[in-house]
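Start at 1 and go down the list; that is how both ligands and their atoms are numbered.
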Amino acid sequence: MQTEVLRVDRNNIDQKIIKKAADLLKKGELVAFPTETVYGLGASGLNDESCKNIFKTKNRPIDNPLILHISNIDMLYNLVEEVSEDAKKLFGLWPGPLTIIFKKSKLIPTTVTAGGDTVAIRFPVDEIARNIIEEAKIPIAAPSANISGRPSPTNASDCFFDLDGKIPLIVDGGESRIGIESTVIDLSEDIPTILRPGFYTLEMLREILPQVRLDDALVDDNVVPKSPGQKYKHYAPKARMQVYVGDRAADFIYKKARSYRSQGIRVGVLIFDDDMERFDDFYKISFGDRNDLRQMSHKLFAALRQMDKMGVDLILAEGVMDNNLGKSIMNRMKKSAAGNIEYL
Ligand code: TXA
Ligand code: MG
């Protein structure tokens with residue numbers, strides 16, 4: 001299959017391209033499209049066969065349920081059994097990078113929920129995503145548009161790298177503004193629980209729902225996560241990766257990088273602007289200003305993929321403290337590095 005990539009300017013959206021994407025989705029085809037978090041691999045969320053095709057195309061484990069994307073709150077009511085007062089309070093964050101888990105209605109195909117009785121719903125704020133869903137007039141199932149296990153794509157060329165020849169269309173809306181996936185919060189049980197940290201942090205959500213807690217698996221590595229997707233290998237670059245956190249991290253990375261290189265290992269470093277100069281003769285990418293965690297989350301996945309393109313064997317990366325947005329970033333980095341994190 002030939003994969004077409006069509007560029008859409010979000011300040012001047014070409015409705016012909018939006019219609020083309022929506023028509024393909026309505027016909028049951030898969031389309032990759034931008035959202036404010038990462039690119040999604042979309043299918044009609046009411047078509048079981050199309051949803052099955054998402055799993056096949058991404059090589060996704062079948063027990064990992066999909067998020068349904070909507071373009072207005074009215075679409076929600078058919079898809080869920082009940083909308084609680086807590087959910088209504090969170091609607092203040094919609095549209096935006098927040099996914100809410102509800103008890104599902106009968107309308108939802110079993111493939112979407114992986115056989116479970118809950119469904120994940122997200123109302124993205126990205127104009128292109130909203131236009132496509134609005135035009136298709138159906139909820140769109142969309143996991144991140146990567147082959148399972150790889151870093152989520154935050155631009156069209158990273159989507160193309162993973163999906164070329166597998167889907168008919170990638171809608172190119174430039175770089176995803178946020179760069180890490182939505183926060184997933186489960187409201188299907190008594191206590192609202194964050195299953196995946198994202199742009200909206202525990203601290204921010206507690207201002208709206210003070211009783212919000214983190215899923216035990218986000219606090220204790222020995223607990224099985226409630227969100228199936230959290231238990232799989234994830235966000236992994238081809239290279240092995242080690243993460244260092246703390247005041248001495250950059251010095252440590254410098255020493256390690258030189259030592260590994262002297263053993264003939266191709267080393268790449270992921271560091272901050274203030275350390276770029278001293279790593280002049282290494283493969284290197286900056287996360288930006290070390291005090292700007294939003295910039296870091298925006299750059300993380302693209303940087304991991306860039307490191308692979310540079311062909312490094314080993315990535316040495318500086319991580320950040322595990323609170324606020326840092327918690328969401330470290331959740332991803334920990335998986336990229338297969339748990340290989342050292343606090344110095
Ligand atoms: O930002 C995002 O959420 C992106 C964009 C495209 O919207 N999508 C995304 O989808 O990250 P995906 O499939 O890569 O991650 C969805 C996560 C997985 O960890 C999955 O296990 C969890 O949400 N999930 C989906 N439905 C669930 C459910 N009913 N109960 C618990 N977890 C669920
Ligand atoms: Mg994903």
Side-chain angles (χ1 to χ4, degrees), residues 30-43 45 51 54-55 57-71 79-81 93-105 108-126 128-130 132-133 139-154 158-159 162 171 173 176-189 192-200 215 217-218 224-236 297 301 328 331-332 335-336:
L30 305 189
V31 174
F33 62 93
T35 85
E36 69 277 18
T37 56
V38 300
Y39 274 64
L41 176 60
C51 291
I54 287 182
F55 285 80
T57 304
K58 271 185 65 111
N59 198 13
R60 182 179 176 95
I62 48 159
D63 67 346
N64 191 6
L66 303 174
I67 298 175
L68 290 185
H69 295 67
I70 57 176
S71 56
L79 306 174
V80 304
E81 198 169 273
L93 302 180
W94 268 0
L98 179 74
T99 296
I100 305 178
I101 312 271
F102 296 89
K103 290 241 161 59
K104 75 171 191 92
S105 77
I108 316 280
T110 47
T111 309
V112 169
T113 63
D117 59 5
T118 59
V119 64
I121 311 280
R122 174 154 125 75
F123 179 0
V125 68
D126 184 279
I128 299 172
R130 278 162 67 179
I132 292 171
I133 306 164
I140 301 298
S144 47
N146 50 286
I147 298 299
S148 282
R150 304 257 308 134
S152 303
T154 54
D158 287 348
C159 282
D162 279 17
V171 179
S176 290
R177 191 166 46 82
I178 293 175
I180 56 171
E181 305 86 344
S182 61
T183 303
V184 177
I185 184 166
D186 186 356
L187 295 187
S188 71
E189 287 179 22
T193 304
I194 295 175
L195 305 185
R196 178 175 71 182
F199 179 82
Y200 288 121
D215 184 29
L218 295 172
V224 177
K226 265 198 76 191
S227 187
Q230 291 281 307
K231 69 176 188 256
Y232 292 110
K233 182 173 177 233
H234 238 334
Y235 315 121
S297 66
F301 289 144
S328 314
N331 171 269
R332 306 324 191 259
K335 293 184 163 70
S336 308

Angle class for the Tyr235/Phe301 ring planes (parallel below 30°, perpendicular above 60°, tilted otherwise)? parallel
In ligand 1, which numbered atoms sit nearer than 4.0 Å to a non-hydrogen atom of [X]?
{"X": "Ser182", "value": "1 (O), 2 (C), 3 (O)"}
{"X": "Ile67", "value": "3 (O), 8 (N), 9 (C), 10 (O), 16 (C)"}
{"X": "Ala142", "value": "6 (C), 8 (N), 10 (O)"}
{"X": "Asn64", "value": "18 (C), 20 (C), 21 (O)"}
{"X": "Ala120", "value": "25 (C), 26 (N), 27 (C)"}
{"X": "Gly40", "value": "6 (C)"}
{"X": "Ser144", "value": "8 (N), 9 (C), 10 (O), 12 (P), 14 (O)"}
{"X": "Thr118", "value": "28 (C), 29 (N), 30 (N)"}

Between [atom1] of [X] and [atom2] of [Y], what distance do you get to the nearest 0.5 Å?
{"X": "Asp162", "Y": "Asn59", "atom1": "CG", "atom2": "CG", "result": "11.0 Å"}
{"X": "Thr57", "Y": "Arg60", "atom1": "OG1", "atom2": "CZ", "result": "12.0 Å"}
{"X": "Asn146", "Y": "Asp158", "atom1": "CG", "atom2": "CG", "result": "10.0 Å"}

Counting non-hydrogen protein atoms only, what is the nearest one to [atom]? Give residue, atom name and distance.
{"atom": "atom 7 (O) of ligand 1", "answer": "His69 NE2, 2.6 Å"}
{"atom": "atom 25 (C) of ligand 1", "answer": "Pro65 O, 3.4 Å"}
{"atom": "atom 22 (C) of ligand 1", "answer": "Ser227 OG, 3.1 Å"}
{"atom": "atom 17 (C) of ligand 1", "answer": "Arg196 NH1, 3.7 Å"}
{"atom": "atom 5 (C) of ligand 1", "answer": "Thr37 OG1, 3.6 Å"}

Ligand 1 versus Arg60, non-hydrogen atoms closer than 4.0 Å: side chain, backbone, both, neither? side chain
With a 4.0 Å heavy-atom cut-off (strictly under), which part of Asp186 contacts ligand 1: side chain, backbone, both or neither? neither
May I ask you to list the protein N, O or S atoms found at less than 2.8 Å from the Mg ion (ligand 2)? Ser144 OG
Measuring from non-hydrogen atoms of [X] to any atom of ligand 1, is the shortest distance under 4.0 Å?
{"X": "Leu195", "result": "yes"}
{"X": "Gly116", "result": "no"}
{"X": "Lys104", "result": "no"}

Under 3.5 Å between some N or O of ligand 1 and some N or O of Arg122? yes
So between Asp63, Leu66, Ile101, whose heavy atom ends up nearest atom 28 (C) of ligand 1? Ile101
Counting only N and O atoms by type, is there a donor-acceptor contact under 3.5 Å from the side chain of [X] to the main-chain atoms of [Y]?
{"X": "Arg122", "Y": "Pro95", "result": "no"}
{"X": "Tyr39", "Y": "Gly173", "result": "yes"}
{"X": "Ser152", "Y": "Ser144", "result": "no"}
{"X": "Asn331", "Y": "Pro197", "result": "no"}

At their closest point, which heavy atom of [X] faces which heavy atom of [Y], and how far apart are they?
{"X": "Leu218", "Y": "Ile194", "answer": "CD1-O, 3.3 Å"}
{"X": "Ile180", "Y": "Thr37", "answer": "O-CB, 3.2 Å"}
{"X": "Lys226", "Y": "Pro228", "answer": "O-CD, 3.4 Å"}
{"X": "Ile185", "Y": "Pro192", "answer": "CD1-CB, 4.1 Å"}
{"X": "Ile140", "Y": "Gly42", "answer": "CG2-CA, 3.8 Å"}
{"X": "Cys159", "Y": "Ala145", "answer": "SG-CB, 3.9 Å"}

Any chance the side chains of Ser182 and Thr99 put a donor and an acceptor closer than 3.5 Å? yes
Here the side chain to side chain donor-acceptor pair (under 3.5 Å) pairs for residues 109-121, sequence neighbours left out, are Asp48-Thr111
